[in-house]
Number of protein chains: 2
Amino acid sequence: MADILNERKLKILRAIVDDYITTGVPVGSRTISKKYLDWSSATIRNEMMDLEELGYLAQPHTSAGRVPSERAYRLYVEQLMNVSELNGDEVENLKSHLSARSRDLKQLFHDAAKAISDATTYTAFVMPPNPLGIKIRNIQLVPVTSGLALLVLVTDAGIFKDTFIRVSPEFGQEELQSINKLLQRNLCGHSLNGVLTRLEGQMKDSVDDQRQVLDAILDSIKSQLFEEESQEIVVGGSSNLLKHREYSDIEKARALLSAMESRETLGSILQGAKGLQFTVTIGNENPHEIMRDCSVVTVSYIVDGAPTGSIGVIGPTRMNYSHVTSVLNYMKNMMSDILSSSYDDSIKSLEEHNKNENTGKE
Amino acid sequence: MADILNERKLKILRAIVDDYITTGVPVGSRTISKKYLDWSSATIRNEMMDLEELGYLAQPHTSAGRVPSERAYRLYVEQLMNVSELNGDEVENLKSHLSARSRDLKQLFHDAAKAISDATTYTAFVMPPNPLGIKIRNIQLVPVTSGLALLVLVTDAGIFKDTFIRVSPEFGQEELQSINKLLQRNLCGHSLNGVLTRLEGQMKDSVDDQRQVLDAILDSIKSQLFEEESQEIVVGGSSNLLKHREYSDIEKARALLSAMESRETLGSILQGAKGLQFTVTIGNENPHEIMRDCSVVTVSYIVDGAPTGSIGVIGPTRMNYSHVTSVLNYMKNMMSDILSSSYDDSIKSLEEHNKNENTGKE
DNA sequence: GTTAGCACTCCACTCGCCCGAGTGCTAACA
DNA sequence: TGTTAGCACTCGGGCGAGTGGAGTGCTAAC
């Protein structure tokens, strides 16, 4: 018995998944025959028996209809499903969630998560840009008072929270400027990850006075990295979990909700979300016991040409993959646009100034 | 029939509430007689009938035990309940949630919310300090490049997110310094609220060049205020809702969870949380329909001598008020301590520097 | 290869029943 | 007069039998 499914089997499988996704009730042969395909229920029944033997379908009990297995979902996601377009209303709805405020990174993430969860009726999340991959646009030590300077770190993803750095009181304008030059020449355009090693290398070559400052900067970036790494994954619409039959068992629902409250767990749940392409993780493909009957769909948004963070959806394996994909795709584009443009606005001027300054002095 | 309850009625009422809080099951006269008090069940029954007539108890149905009414809870909270001390383990548990990271405001709020929700099995929240009331410790315009300066605003509650301010390129060191002096002399020590009006007044008296910069600063503070005002109320342990019998109705649970996801709703739910004292809002005392069978307990934490933000708990009216109160009280103190000390650490030095600078030059 | 027909299975639902917890009332007791 | 024992009554929850319906697998005919 070949594992390759003939045309009819594929059509039937698609119909079963489609129906099961919308109704949540095991699908019988009659339903398929009446609602979707023009073969008689007996024919369909025969094919369904084959599909069951091949592991694509399962029966909850003898006299029930069939439910798709995880294998079926995988096939469905990769080959069968019709990728639907969002209609005008849906687009409007998504747009309406993002407002002027959404230029703020935080707010944008919240709004996006809300938008996605509302549109899909599942739980949405937004992962902030991976800090290690973020490129430094500008790094500068700004004198505040004698003995105290402010480290301003501008990255692709906006302004890193600034911190105060203690410098020795003898440090004057000239020393600061030379450090700034050093910083800018060596670190701009590199990823934070690279910067750390570069800074450490740099320190060996520098005189004591500078060394101390560089050390402080290194510490500061490190601690911020640490902080940002455990940075919140923004979750939206967790109450949507309870909308679906799968979680009418309250203890199951609670466990899952609770898992999503912990940043660590959530992080590991979403660990697959990295690349440019859509990632779909179905049921047991998930690392967590608790996610056994969940699926996760993710996609990365793009800032400045490179994927940085990602957005996604957690829902029951019986999830409307097609619609979720469309929503995520649309939102990905919107976010990429917004982030790229706000990056332009807020940073370009600063960048240009520095270029002029640097070239002017060389 | 006097509304004043005799000693015995009070004792019985307390026993009923205590029992109902722990078991969640309507309390019968026999239970009270066996587990709590040494009168016969018949006696207790008689008293219970009185209490029911007085509106302190209710019967779900004829042959069930009694449940406390909201009136009973109110009396219980105000007079009857034994305020319990936390035992060593509980204190340890609370402490263990707060780590070194908790010096960061954000992180502290998260940790605190988690700690409270874990300790109480209810849903906890932390309201950040009310931004209008926050006092400015230090305000300074730091030159970054020509034409661009960084506005650093240090407040009681830590560093306000800094923003870039465009200044005219002719603005040199002297102009900046004079503006800085102006800012510091006029604005330090005032609340943000006051600062806004003061800045507006100031602008009339200033020359065009300064005026432009002040305008930009005003805008920046305003927009930040707006941003901070809708600032997140941190919620912890919302999944705890599902732990309690009250929310075994999944639709009810979902509605409540969903309400707590919206910042606006949440804000209005917690609107009562202002003063120094504990606030307990029981059932229908809540403004929201959806909160009909919820209670909210809140208390403010203290920074620099004044109540600023608050922490609290949302749970079923059948809530362990006594324990919740103890936990909140303990956490309030811890947070006040942490916030006050971190304020000291991070800001004092900066403050002193500025004092010296100012007095030195006058 | 497809389809109609049919017997069979099994879940979900309803109905009636009983049990037990708790009540309210009455009468006896201190 | 206040307290308690006793008792009949009420009502919800749990259990089991019975039923209907959806869906299956198999067989035989087309």
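Nothing here was measured: the structure is a model prediction, and the numbers come from that model.
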>> Output the rounded distance in Å from CD1 (A:I44) to C1' (C:dG1).
In response: 14 Å
> Which nucleotide, in any strand shown, forms a Watson-Crick or G-U wobble pair with C:dA4, with both distances under 3.5 Å?
Replying inline: D:dT27
> How close or far is atom C1' of D:dG25 from atom CE of A:M48, stated in whole angstroms?
Replying inline: 12 Å
>> Less than 4.0 angstrom between a side-chain N/O of B:R66 and OP1 or OP2 of C:dG22, yes or no?
In response: no
>> Without decimals, in angstroms, what is the distance between B:E53 CD and C:dT23 C1'?
In response: 14 Å
> Within a radius of less than 6.0 Å around NZ of B:K9, do more than 12 heavy atoms belonging to other residues, nucleotides or ligands occur?
Replying inline: yes
>> Take a 6.0 Å sphere around CG of A:D38 and say whether it holds more than 12 heavy atoms from other residues, nucleotides or ligands.
In response: no
>> Are there over 12 heavy-atom neighbours, none belonging to B:R74, within less than 6.0 Å of that residue's CZ?
In response: yes
>> Taking A:K114 first and then A:D118, would you say they form a salt bridge - that is, a charged N and a carboxylate O separated by under 4.0 Å?
In response: yes
>> My understanding is that only residues two or more places apart in sequence, or in another chain, count here; which of them pass side chain to side chain donor-acceptor pair (under 3.5 Å) with B:E92?
In response: none
> Which one, D:dG23, D:dT24, C:dT23, comes nearest to the side chain of A:T31?
Replying inline: D:dG23
> So, for A:S84 and A:S326, which heavy atoms are closest and what is the spacing to 0.1 Å?
Replying inline: O-OG, 2.6 Å
> Can you tell me the Watson-Crick or wobble partner of C:dC17, both distances under 3.5 angstrom?
Replying inline: D:dG14
>> Quick check: closest heavy atoms across A:A253 and A:Y247, and the distance to 0.1 Å?
In response: CB-O, 3.7 Å
>> From CD1 of A:I32 over to P of C:dT3, roughly how many Å is that when rounded to an integer?
In response: 15 Å
>> If I take atom CG in residue A:L57 and atom C1' in nucleotide D:dG23, what distance separates them, rounded to the nearest angstrom?
In response: 14 Å
> B:M49 CE to C:dT23 P: how many Å, rounded?
Replying inline: 10 Å
>> Protein within reach of the bases, or only the backbone? For nucleotides 3-14 of chain D, mark each nucleotide 5' to 3' as B, S or -, using heavy atoms under 4.0 Å.
In response: SBBB---BBS--
> For C:dC11, what is the paired nucleotide under Watson-Crick or G-U wobble rules, both distances under 3.5 Å?
Replying inline: D:dG20
> Rounded to the nearest Å, what distance is computed from the NZ atom of residue A:K35 to the P atom of nucleotide D:dG23?
Replying inline: 11 Å
>> Using whole Å, what does the distance between atom C1' of nucleotide C:dG20 and atom CZ of B:R30 come to?
In response: 12 Å
